[in-house]
Amino acid sequence: MELFIQQLTNGLAIGGIYALIALGYTMVYGVMKLINFAHGDLFSIGAYLGLTLLLSLGLVDKIGVLGGILLLMLMVMGLVGIIGIILERVAYRPLRKADRLSAVVSALGASIFFANSLMLIYGAKFRVYPHNILPKMAVDILGMKIPLIRILLLLASFILMTALYLFVQKTKTGTAIRAAAIDQGAAKLMGINVNKIISIVFFIGPALGGAAGIMVGLYYGQINFLMGWLYGLKAFIAAVIGGIGNIPGAMLGGIILGVVESLGAAYVSFAWKDAIAFLVLIIILIVRPTGILGERVAEKV
Amino acid sequence: KTIKIGLLCPLTGSWASEGQDMEKIVTLLADELNAKGGLLGSEVEIVVEDDGGDPRTAALAAQRLSAQDIVGVIGTYGSSVTEATQAIFDEAKIIQIANGSTAIRLTEKGLKYFFRTSPRDDEQGRVAANYLTGKGFKRIAILHDNTTYAKGLADETKSLLEKKGANIVFYDALTPGERDYSAILTNLKAANPDVVFFTGYYPEAGLLLRQKKEMGWNVPFIGGDATNNPDLVKIAGKDAAEGFMFLSPPVPQDLDSKEAKDFLAAYKKKYGDLPGSVWAVLSGDGFLALTTAIKATKSTDSDVLADYLHNKLKDMPGLTGKISFDSKGDRVGDLYRIYKVDANGNFVLQ
Amino acid sequence: MNRKRIIDIIIILVLACAPLFLNTYWVDVLNNIGIYAILALSLNFILGHTGLFHMGHAAFYAIGAYTTAILNTMYHIPIIWLMPLSGVLAGIFGYLVARPIIHLRGDYLLIVTIGIVEIVRIALVNNIFGITGGSNGIFGISRPKLWGFVIRRPQDFFYYIWIFLGISVYLFYRLENSRFGRALNYIKEDDLAAEGSGVDSSGYKLKAFIIGAIWAGFVGNIYASKMTIISPESFSFWESVILFVIVILGGSGSMRGIILGSFLIIGLPELFRQFASARMLIFGAAMVVMMIFRPQGIIPPKPRTYNLDFLKLGEAEK
Amino acid sequence: MLRIENLHVSYGNVEALHGINLEVKEGEIVTLLGANGAGKSTTLNTISGLLKPTKGTIYFKDVEISKLEAHEIVSLGIAQVPEGRRVFSTLTVQENLNLGAFTVLDEKTIQKNLEWIFSLFPRLKERRKQLAGTLSGGEQQMLAIARGLMANPKILLLDEPSLGLAPILVKSIFATIKEINESGVTVLLVEQNARAALKLAHRGYVIEVGNIVLADSSENLLSNPEVRKAYLGG
Amino acid sequence: MSLLELRNLTKTFGGLMAVNEVSFSVDKGAVVGLIGPNGAGKTTVFNLITGNYKPDSGEIIFEGENIVGLPTHKIVNLGIARTFQTIRLFQNLSVLENVLAGCHCRMKAGMLACMFRPKWQKEEEKEALKKAWAELEFVGLSKELTNKAKNLSYGNQRLLEIARALATSPKLIILDEPAGGMNEQETQELVELIGEIKKRGITVLLIEHDMSLVMRICEHIVVLEHGAKIAEGTPEEVKNNPLVIEAYLGVDED
Ligand SMILES: Nc1ncnc2c1ncn2[C@@H]1O[C@H](COP(=O)(O)OP(=O)(O)OP(=O)(O)O)[C@@H](O)[C@H]1O
Ligand SMILES: Nc1ncnc2c1ncn2[C@@H]1O[C@H](COP(=O)(O)OP(=O)(O)OP(=O)(O)O)[C@@H](O)[C@H]1O
Ligand SMILES: [Mg+2]
Ligand SMILES: [Mg+2]
């Protein structure tokens, strides 16, 4: 039983990170119907930029841990968001009218480009965040020591998800984003500047990815130019499990994926962990073809 | 006319860091050699090809090298990648000296022109099993990462340990490239081993140590030779890495030999830091062995060179100790040492 | 004889003579291009013609290669005999995995096919049934032998692969330009309307998967005997991505485009070798640029043409 | 109020409008008649800025708008109820109406318009919370018109508002257009139901394969034998 | 003799009763109209007949056989063809290939036959082309043969859909608002075309809001409201039924 609970918390922590990356994925997908394979690399870029800024600015020393990290996070989010906007302008906008899969190929190209730029700029070696930036406190829950950071990570995902959800559901810009997602032409007829909306989306999505990158860097310490591919794929799975395009779905999908991974690994086999995760994904989709929270509007003939 | 020596290494892909170090080391040694007048009166030229860390690309790169009139090839890293190139070099009658390829079967095929400066999995497995039982560990957990190398070593060690009657309480693989290994650590802990033998690579080892520390679990961790990389301590942090032990061929830093000291000084001077892993350094040994053979035989004929390397090259002073090859092309000698990480994060020879 | 024909014939002649003036390395590059071209053409049925987002084609390729490798190394069955068997087994596997997921739409199918290729790879790595050799893979696969002649050198393989490609193109061309090919295109355009016009859309989707898988299985056989050693990393998700890119970038549904796409995607990284560690960076950028300049693919498919002369004749009789 | 001069529009290489001239005066209902594919929707979409002319200009109150972006044109007070309704199907009725008022910044005006619209279409008030996609065809059409009105337009472009509606609803839609016009909104109406449209409109244009071939008052058009033959079924 | 008979057909979406215990039958060779207010469930009835939706209960008897539960393409095979309310052509394919889609279900060549092309396969292809051409002539689109479907005008697209449906050699053709978006002139031409279809011995069932069309060509009319049948009869009877006037037709002011 203790093992079960321990593995459950492990899964929740990993799931929190998947969820965070999946949020950005889903956001972009929701509006553009684009599987942004470069999203994972934007996440890596966030991790590397975070490292550079952390080392060069010394913010943590100057204004304390909490303020320093928050400021750092905002800066990274801003920078990665801008890269996201540029990415959309250069690689996706010219393909907006083309077949959807053309944009997917462009995204794959961008992903290769980003990963290899990181390698050329930062080198192929693993880079390491300074140790002991985050306080190493642990909380006692049911007799188990759970690192505070893990709880904070999960909390951060949850807060960002809620904020994003409220933004998209309750604000005027959010409604415009949803409208643009349904029918860009009709949105234009409402006086919505669709290009601006897409830029906003391509700022927020990558910024969230960047935030996840710096969190992973700070918490796990070790980063590498290729890590975005694996995380990006996991986030994509998470988004699909929840129903791609759906914001709470991304959160739910991330958590489910994390938990399935750690429980599946713990009770079946670690070597088969990813296969188990994929199998669960396939079963979920066979039962619910558009994900758990995905819209199930049968096509009206 | 120059004497061309090929270097096959992963400059892109997941093993790019190893390949880039290999390139640095071999070009450094070649420059030194040329500064001293080259080989047989001509300059040595290094022809570098990227294998991307992938068998198919490697096979192409090997074809490309074979077509370039080279005397021999150094490399490459990774057993399955090396294996994809073996037949090509063998058919072209080109000497190949691999560095980071430990799978047993590579030298069991009876290939005449194939050598390696790295030890084999069974060798390390034997050392590991002896060490683990010698220290009196009863309940042993073995963790690998499902790569050719780590799985090979884990299997080898497991069967030897079982023969010695040890109790393997955990045997499974993690997925390399991830960041969070708390799930597997939780299960490991539940298996309650006396020691954990991890046969994978340093990035995961670093994270395992770090997260183990976070869990507040104190069990001795022992690594295979792929954990021999100073970045391990950077990733784990000094306090988490302290006490970690691993098996490895000696790195130049540990050798008193003049060759090793000179090499380190030159490397530091040229590139500003020290080579990352011992595997890249082994490519330097391959280069030294090949050029020594050319010098000694005054020939670039593959058969002559192969014969020399198999039979006549004895205890050549290399960067990682003395080098000789046996009839299969394997490196001879007891290579493995035990290292321990001290409180300052230094690797201390036991 | 129109100009297109003449250009085709010139290209074929040049290719046929290629091994005479290229060194073994470039011949081997052409071999790789040929292998990927056949694979991409087989994927084309699923992705290009039927419009199913399939990013797991390497799974079928793997089944073919491992079938060949296992049966050849264990029972010493000659490679050539194993080719049909590899195709059939890959086809059966394709049917079994496609069956339950065929109703999934677009991106959901995409992720599931990624899942399939990953599950296959993980199963191979974990030495499933104890016959795949784990991450080491299988070595010592023999070479194909045709009428006593052993295909060994890259030059031999060149003819072996490209003649196979030629046969595939011929058969695929006929398949595409017939009832079967049209049915796939109807489904791609609008599967509901296709069903409403009497086309069994899930049946044809399955058939597209099966034919694609069979051919990928054939190629697996060729690949295994060419490399003589195979390991799971050659059948990763990334390989599937490469195939996917070849089809879309070349022009989905267009055989010329896909063959040209194979030249670009497999050939360009070889041309970029001089850039050493920057070569993949340049390759990535090139992918984006090519897509932007040719959003419909480099050579988009041409509409089918029909010879209706016989109708006019009938008219004259009246 | 709206003046179109020598307008050319192309889809790719195919020209759909070959230089049309058209004018709508303040307070008028003007109808645009034409067979399928004549270019009616193309004209409306070009006015709204969804399509860009290859040649020619469009003036709104003597300001050139043909170079503006669609969303800028809408904010000048030109709203369109597009062909095929195009309501935002997964948003609620209320959200659709809010989006209609996207360019209106004054909260009071929005409230006032909303009340007016709910008095015009009481059915929509009942269904505020319903997803637009689940409305019946006629209700969706009401919503599309209401959404156009929420923009507080000076001129409303209507593209086949009666398409696919039951006869009883067609009648009520036409009555509504009249009401809207009487409240001061200028209307440019495209309709297949030429008879009803001409009865409602002050003036009309006839467009054939991308050219305006006739322009006259509604009464004259109704009695024009050519028009009767081509559009009124003899 | 009735060709098609619906018995107590019911279909709900979530809580919504889209079709409620509807029964009626269509006689062989007749032209039958299905009318009713928007959202009455007309299209849903069509989707039930063609197998796009599965009914919650009830039976659909076609030529004496219950076709409930059969997949759409099988139903087409049995001889029921349809057009869609919102046009669903293969937009990027040529006009000819759109019609060939209809011929598909009357052909037999499988994967291997297509690859190796025996003689009968070639003959079959020729026959299909002949059939497609004939149907295009029939609706008057044979000039557009190589044009892409999406480049046709709206009215011609509707005609092409009809041609595609006819190419399946149906016994019953069901048309969902064939005159939608057509002007009166075009509607008149459509009336004539439907007359021709009837002459070929094909039974027609259609949904239409254009009353002038319905009254001109239908021998029998079924009226739905809120998913239930509220009236049935000859055009004259239906036109004067007060229930129908209130729910659907409205009172003419002029
Ligand atoms: N997206 C498009 N791409 C290419 N051609 C188009 C497109 N939309 C319309 N056309 C062509 O432009 C011409 C005018 O079309 P338009 O939609 O303006 O006609 P319309 O008068 O509104 O007809 P309808 O009564 O059918 O709505 C037609 O020939 C049509 O085929
Ligand atoms: N797939 C579906 N999911 C949910 N509701 C549906 C679906 N299809 C139809 N409906 C609902 O069922 C009812 C009947 O729809 P149907 O399309 O049959 O109407 P109709 O009589 O054809 O109307 P119209 O004349 O407007 O085409 C409507 O309220 C509609 O919203
Ligand atoms: Mg129109
Ligand atoms: Mg309907």
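Every chain is numbered from 1, with letters handed out A, B, ... down the list of sequences.
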**Prompt:** Salt bridge or not for K328(B) and D330(B), using N-O below 4.0 Å?
**Reply:**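 Answer for the salt bridge query: no.
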**Asked** Are E123(B) and R116(B) within salt-bridge range, i.e. N to O under 4.0 Å?
**Response**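 Here E123(B) does not pair with R116(B) in a salt bridge, since their nearest N and O are not under 4.0 Å apart.
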Pick one of side chain, backbone, both or neither for [X], based on which atoms fall under 4.5 Å of a heavy atom in chain C.
X      : answer
A16(B) : neither
A62(B) : neither
Q20(B) : side chain

**Message:** If I measure from the heavy atoms of chain B, does I266(C) come under 4.5 Å with its side chain, its backbone, both, or neither?
**Reply:**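 The answer is the side chain of I266(C).
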**Message:** Quick check on P154(C) against chain B: is it the side chain, the backbone, both or neither that has a heavy atom closer than 4.5 Å?
**Reply:**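 The side chain, not the backbone.
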**Item:** Inter-chain contacts: residues 16-32 of chain C against chain B, heavy atoms under 4.5 Å
**Value:**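 The residues closer than 4.5 Å to chain B, in numerical order, are N23(C), T24(C), Y25(C), W26(C), D28(C), V29(C), N32(C).
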**Prompt:** What are the residues of residues 55-79 of chain C, in order of number, with any heavy atom under 4.5 angstrom from a heavy atom of chain B?
**Reply:**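 Those residues of residues 55-79 of chain C which would need a heavy atom under 4.5 Å from chain B do not exist here.
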**Prompt:** OH of Y149(B) to OG1 of T199(B): how many Å apart, nearest 0.5 Å?
**Reply:**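 The OG1 atom of T199(B) is 6.5 Å from OH of Y149(B), to the nearest 0.5 Å.
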**Request:** Can you measure from CD (E91(B)) to NZ (K93(B)) and round to the nearest 0.5 angstrom?
**Result:**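 If we round to the nearest 0.5 Å, E91(B):CD and K93(B):NZ are 9.5 Å apart.
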Who wins among [options] for the most heavy-atom pairs under 4.5 Å with chain C?
options                  : answer
A84(B), P55(B), S66(B)   : P55(B)
I88(B), D155(B), L60(B)  : L60(B)
T147(B), N146(B), V48(B) : N146(B)

**Asked** Do Y77(B) and D51(B) have side-chain heavy atoms sitting under 4.5 Å apart?
**Response**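 Counting from C-beta outward, Y77(B) and D51(B) never come under 4.5 Å.
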**Asked** Hey, does W215(C) have a side-chain heavy atom less than 4.5 Å from the side chain of L41(C)?
**Response**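 L41(C) does not reach W215(C) side chain to side chain.
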**Request:** Report the relative orientation of the aromatic rings in Y201(B) and W15(B); use parallel for angles under 30°, tilted for 30 to 60°, perpendicular for over 60°.
**Result:**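 Aromatic pair Y201(B)/W15(B) classed tilted.
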Without hydrogens or angle criteria, can the side chains of [X] and [Y] be said to hold a donor-acceptor pair below 3.5 Å?
X       : Y       : answer
K109(B) : Q86(B)  : yes
T102(B) : D121(B) : yes
Y223(C) : S234(C) : yes
R56(B)  : Y36(C)  : yes

**Message:** Quick check against the 3.5 Å criterion: does N126(C) have a side-chain atom that pairs as donor or acceptor with the backbone of I128(C)?
**Reply:**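 Not at all, since once roles are kept as given, no pair shorter than 3.5 Å links the two residues.
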**Face-on cation placement of K158(B) at Y171(B) ring, 6.0 Å and 45° thresholds** =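 Positive - K158(B) is close enough to the ring of Y171(B) and near enough to its axis.
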**Request:** Go through the steps to decide whether R105(B) and E83(B) satisfy the test salt bridge (Lys or Arg N to Asp or Glu O under 4.0 Å), and finish with yes or no.
**Result:** CA-CA 9 Å; R105(B) 74 186 194 213; E83(B) 194 164 13; 2.8 Å; yes
**Item:** Among E239(C), R279(C), M280(C), residue most engaged with chain B (heavy-atom pairs, under 4.5 Å)
**Value:**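 Ranked by heavy-atom pairs under 4.5 Å with chain B, first place is R279(C).
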